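Here the structure is laid out as structure tokens; the discussion comes afterwards.
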Amino acid sequence: YHSTVRTQYDQYGRGIGRWDVEDRHTTTTYVPAEGGPVTQQIATNSLGWTTTTTLEPAWGSVLSSVDFNGKRTDTTYDGLGRRTAVWLPGRDRDGGYVATVDLFDGRLRARQKQAPDASVGDARVVTDTHYDSAGRAWKTTKPYAMSGAPGTGFVVPRPPDYSGAE
């Protein structure tokens, strides 16, 4: 026979380590580590990427999950433990969408994109596209962070203040 997966268990029978056929190791940490009820699971793959899952202690149902990209999904339940709503990444709990703003120049070419920064409150991630005199896109910036929520005005990045001592 040929093993395809190997699993390590803790004293409660929960899988805490898993190795695949190529010996890549994934770990799972439980909070609390001993006793219960478990309120959180943290899974880390062989690349060090982490997914965090928050659990409803009464049913073991998922309340929220944050993947390795920082994308959050929330779920609510009624008093009997039945799922009543799910908010996928990009949606807020008020039922609306998270505002992403695309700004265009006078020729209706995409010039700047502003999206909320999920990792920091009251911040945005901005990407700019520059065009040459023939109207061809010649440069698109890497996303950069700026303070403030996405808005309808162009954001012009300014260098830090170098007037002080270095």
Side-chain angles (χ1 to χ4, degrees), residues 1-103 110 112-130 137-151 155 157:
Y1 72 94
H2 181 70
S3 295
T4 57
V5 68
R6 181 177 46 143
T7 305
Q8 177 185 8
Y9 299 95
D10 67 4
Q11 64 191 9
Y12 300 103
R14 304 176 298 197
I16 58 171
R18 180 180 171 107
W19 292 263
D20 66 10
V21 71
E22 295 180 0
D23 208 34
R24 291 180 295 221
H25 186 214
T26 299
T27 61
T28 303
T29 306
Y30 298 91
V31 177
E34 293 186 9
V38 174
T39 58
Q40 194 174 56
Q41 292 178 342
I42 303 165
T44 306
N45 70 12
S46 61
L47 298 174
W49 298 349
T50 301
T51 300
T52 303
T53 305
T54 303
L55 303 171
E56 165 55 54
W59 306 292
S61 303
V62 175
L63 291 175
S64 67
S65 178
V66 180
D67 69 13
F68 54 84
N69 289 315
K71 303 292 185 182
R72 181 182 179 97
T73 301
D74 290 300
T75 307
T76 58
Y77 301 89
D78 67 9
L80 297 175
R82 298 175 296 197
R83 183 176 32 220
T84 57
V86 176
W87 290 272
L88 297 174
R91 296 290 302 249
D92 65 15
R93 294 190 116 207
D94 296 328
Y97 288 94
V98 176
T100 298
V101 178
D102 291 315
L103 301 172
Q112 188 174 79
K113 180 175 186 157
Q114 300 178 22
D117 188 341
S119 63
V120 179
D122 195 35
R124 57 188 154 183
V125 177
V126 180
T127 305
D128 293 303
T129 302
H130 300 278
W138 67 274
K139 180 181 179 184
T140 299
T141 64
K142 292 182 179 179
Y144 57 92
M146 296 292 291
S147 62
V155 175

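This is a predicted model, so every value here is computed, not measured.
Exactly one of Val31, Leu63, Thr53, Thr29 qualifies for a side-chain contact (heavy atoms from CB on, under 4.5 Å) with Gln40. That residue is Val31. Under the side chain to side chain donor-acceptor pair (under 3.5 Å) test applied with Gln112, the options Thr127, Asp128, Thr141, Asp102 reduce to a single match, Asp128.
Panel note: side chain Glu56, backbone Ala58; a donor-acceptor pair is recorded below 3.5 Å.
Scanning all heavy atoms of the two residues, the minimum distance from Thr39 to Pro57 falls at CG2-CG, 3.9 Å. Heavy atoms only, all atoms of each residue included: Tyr30 and Gln41 are closest at CE2-NE2, 3.3 Å. Val101 and Gly151 get closest at one heavy-atom pair: CG1-O, 3.2 Å. Of all heavy-atom pairs spanning Gly60 and Leu55, the tightest one is O-CD2, 3.7 Å. Here the closest heavy-atom approach between residue Trp59 and residue Leu80 is recorded as CZ2-C, 4.0 Å. Nearest heavy atoms, Val62 versus Thr75: O-CB, 3.4 Å.
Using modelled atom types, one finds a donor on one side chain and an acceptor on the other under 3.5 Å when comparing Thr76 with Thr84.
Between Asp10 and Arg14 a salt bridge is recorded (basic side-chain N to carboxylate O distance below 4.0 Å). Classification of Arg6 and Asp23 as a salt-bridged pair holds, one side-chain N sitting under 4.0 Å from a carboxylate O.
Ring-plane geometry between His25 and Trp19 is classed as parallel, the angle between the planes falling under 30 degrees on a 0 to 90 degree scale with a further cut at 60.
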